[in-house]
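Residue numbers start from 1 in every chain, and the chains themselves are labelled A, B, ... in the order their sequence lines are given, proteins ahead of strands. Just the heavy atoms: all of them, side chains too, but no hydrogens, waters or symmetry mates, feed the values below.
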There are 2 protein chains.
Amino acid sequence: MSQTVDRALSILPLLAEGPADLGRVAERLDVHKSTALRLLRTLHEHGLVYRQSDQRYRLGARLFALAQEAVENLDVREIAHPHLLALNEKCGHTVHLAVYEEQEVLYIDKVESRYPVRMYSRIGKPVAITVAAVAKLLLSDLPEAERRAVAEKLDYPTYTSRSTPNAAAFLKELATVREQGWATDLGGHEESINCIGAPIRGADGRVVAAMSVSAPNVVVTAEELLTLLPQVRRTADAISREYSGKSPLKEA
Amino acid sequence: MSQTVDRALSILPLLAEGPADLGRVAERLDVHKSTALRLLRTLHEHGLVYRQSDQRYRLGARLFALAQEAVENLDVREIAHPHLLALNEKCGHTVHLAVYEEQEVLYIDKVESRYPVRMYSRIGKPVAITVAAVAKLLLSDLPEAERRAVAEKLDYPTYTSRSTPNAAAFLKELATVREQGWATDLGGHEESINCIGAPIRGADGRVVAAMSVSAPNVVVTAEELLTLLPQVRRTADAISREYSGKSPLKEA
DNA sequence: AAGGTGCGTTGCATTATGTGCAACGGTCAT
DNA sequence: ATGACCGTTGCACATAATGCAACGCACCTT
């Protein structure tokens with residue numbers, strides 16, 4: 001809606017691909033060099049862009065700080081964290097917390113496995129939305145119409161032979177998840193990794209976040225992992241209770 | 001330099017404080033509501049801002065994703081990570097990697113301690129610049145003039161009785177660090193936590209990053225921690241060698 | 001139920017603001 | 001030394017951002 005800001009913000013994803021010099025930025029934005037310069041300068045003043053020693057620009061430090069503060073302001077996260085830690089202490093596996101936002105599911109917290117074999121994931125990283133247990137939980141609670149719309153629009157990458165193949169299968173899976181109140185990902189993302197997850201609900205009963213426990217085959221089998229389900233659900237319920245009990249924000 | 005972009009970007013730190021509604025944003029920016037609306041909409045389109053169910057705005061998901069991609073594009077980090085992991089496997093303590101940028105020192109990687117007692121820190125979080133071992137290492141390598149300028153401009157919070165008290169003491173400490181090629185923080189940030197760190201150098205010999213090992217008193221004494229120094233330095237040197245050997249970017 | 005307040009939203013006229021141009025200056029390589 | 005390249009500056013022009021006032025909506029009051 002605002003051309004100037006729009007152009008300026010378009011620089012960020014561009015730089016996320018890697019450092020770029022002024023000419024390149026101007027070219028990609030299809031504006032004059034002087035225009036690009038002014039935009040970059042403004043971004044620089046705000047610390048979102050950094051000028052490295054070879055004069056090229058890359059994303060700046062304040063971006064991290066902002067993302068940091070943003071994640072810390074999420075009240076679910078704050079409440080959930082100690083519970084996640086406790087669960088990790090008990091079972092030893094990697095524990096994730098995720099939310100749905102603007103057609104994306106992303107991890108907002110993580111407690112690392114105590115075992116040497118760890119799965120790759122990172123806070124802030126978008127989740128493999130068609131297969132992850134947390135994604136199924138979050139999407140399964142969307143209003144019917146939106147759920148369908150999102151499911152239709154998604155890509156269904158075949159990470160493994162057990163990945164969700166298409167929208168129809170995904171919607172069916174979501175229905176199951178919705179009913180049973182928990183979800184799994186059995187080798188759908190990486191052949192050797194299984195997850196089980198449970199939803200965290202607000203006072204109005206809507207799913208506000210989801211958590212999961214992940215473990216590689218080499219540590220525990222899928223069956224063994226499933227025995228943790230009651231524990232995971234209890235943890236999620238405890239978080240839900242605390243979250244809906246005395247939420248500092250969002251008293252709606 | 002660009003008023004519109006400047007205003008738009010000013011919204012981000014504002015929202016980092018917590019969610020705000022349109023009126024509040026307009027007020028803080030000292031612009032008309034309609035102007036604030038247009039700016040917010042543009043930010044929203046780019047995913048930097050999210051509109052929650054109560055219509056208030058808060059920082060959005062793409063911010064994480066951007067910060068994420070940014071950190072993954074840092075070549076030092078990529079090279080260093082396996083070394084940090086290896087060191088952590090050996091000694092069990094928390095290992096940090098940090099860089100200096102625009103008068104700030106910030107953690108760009110971290111491997112958590114295996115011990116239950118962990119120190120609080122987070123990737124992207126600015127470091128306590130006047131006391132942290134990594135900060136001393138990074139600042140000690142700045143050109144004399146800049147080092148002085150930065151030292152003068154800093155605040156010197158008294159986190160503990162052993163915190164660096166003022167610019168003079170800090171500059172003296174930096175000189176020591178510069179000469180000996182390693183640094184410590186013995187209870188300067190938190191009374192019970194000690195750190196030792198070593199610099200990572202590029203092909204031209206300049207310090208491009210710094211790493212440290214941190215451990216609380218209750219796990220190992222400062223003296224015991226210091227016995228790890230050779231190991232830490234060897235790790236840092238190994239990273240330096242690899243980094244200057246075959247850097248994919250920055251062939252300047 | 002009627003009236004009122006507070007909030008986000010829209011269309012429009014004004015002019016401030018961002019734009020592209022052309023010329024400059026520094027750096028590096030030949 | 002000479003030329004090419006890239007970032008930078010000042011300026012005239014016109015676009016694009018601004019504030020205003022009016023609207024619509026939801027919620028609360030009496």
For [X] and [N], what is the distance between atoms [atom1] and [atom2] respectively, to the nearest whole Å?
X       : N      : atom1 : atom2 : result
B:Asp6  : D:dA17 : CG    : P     : 15 Å
B:Arg56 : C:dG8  : CZ    : P     : 11 Å
B:Asp21 : C:dG6  : CG    : P     : 13 Å
B:Gln3  : C:dA16 : CD    : C1'   : 8 Å
A:Asp54 : C:dT27 : CG    : C1'   : 14 Å

List in numerical order all residues of residues 36-47 of chain A for which some heavy atom is under 4.0 Å away from an atom belonging to DNA chain C.
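Contacts with DNA chain C under 4.0 Å: A:Arg38.
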Indicate the atoms forming the closest heavy-atom contact of A:Ala209 with A:Val99, along with that distance.
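Distance-wise, the nearest heavy atoms are CB-CG1, 4.0 Å.
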Listed partners of A:Tyr57 passing side chain to side chain donor-acceptor pair (under 3.5 Å), at least two apart
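A:Tyr57 satisfies side chain to side chain donor-acceptor pair (under 3.5 Å) with A:Arg51 once adjacent residues are dropped.
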List for me each residue that meets salt bridge (charged side-chain N to carboxylate O under 4.0 Å, His left out) alongside B:Glu146, sequence neighbours excluded, and say none if there are none.
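Applying salt bridge (charged side-chain N to carboxylate O under 4.0 Å, His left out) to B:Glu146 gives none.
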With a 3.5 Å cut-off and no angle check, do the side chains of B:His96 and B:Asp109 form a donor-acceptor pair?
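No donor-acceptor contact under 3.5 Å links the two side chains.
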If each of A:Thr4 and A:Arg51 is mapped to the nucleotide of DNA chain D with the nearest heavy atom, which maps nearer the 5' terminus, i.e. the 5' end?
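Final value for this comparison: A:Arg51.
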DNA chain D-proximal residues of residues 22-35 of chain A, any heavy atom under 4.0 Å
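Heavy-atom contacts with DNA chain D come from A:Leu22, A:Gly23, A:Lys33, A:Ser34.
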Can you pull the salt bridge (Lys or Arg N to Asp or Glu O under 4.0 Å) pairs that have at least one residue in residues 8-34 of chain A, sequence neighbours excluded?
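The answer is A:Glu17-A:Arg28.
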Pairs satisfying salt bridge (Lys or Arg N to Asp or Glu O under 4.0 Å), at least one member in residues 4-15 of chain B, at least two apart:
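Applying salt bridge (Lys or Arg N to Asp or Glu O under 4.0 Å) to every pair that reaches into residues 4-15 of chain B, excluding sequence neighbours, yields nothing.
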B:Glu144/B:Arg148 ion pair, N-O < 4.0 Å:
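A salt bridge is present here (some side-chain N lies under 4.0 Å from a carboxylate O).
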Taking NZ, NE, NH1 and NH2 as the nitrogens, is one of them in B:Arg62 or A:Glu101 under 4.0 Å from a carboxylate oxygen of the other?
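A:Glu101 and B:Arg62: not salt-bridged.
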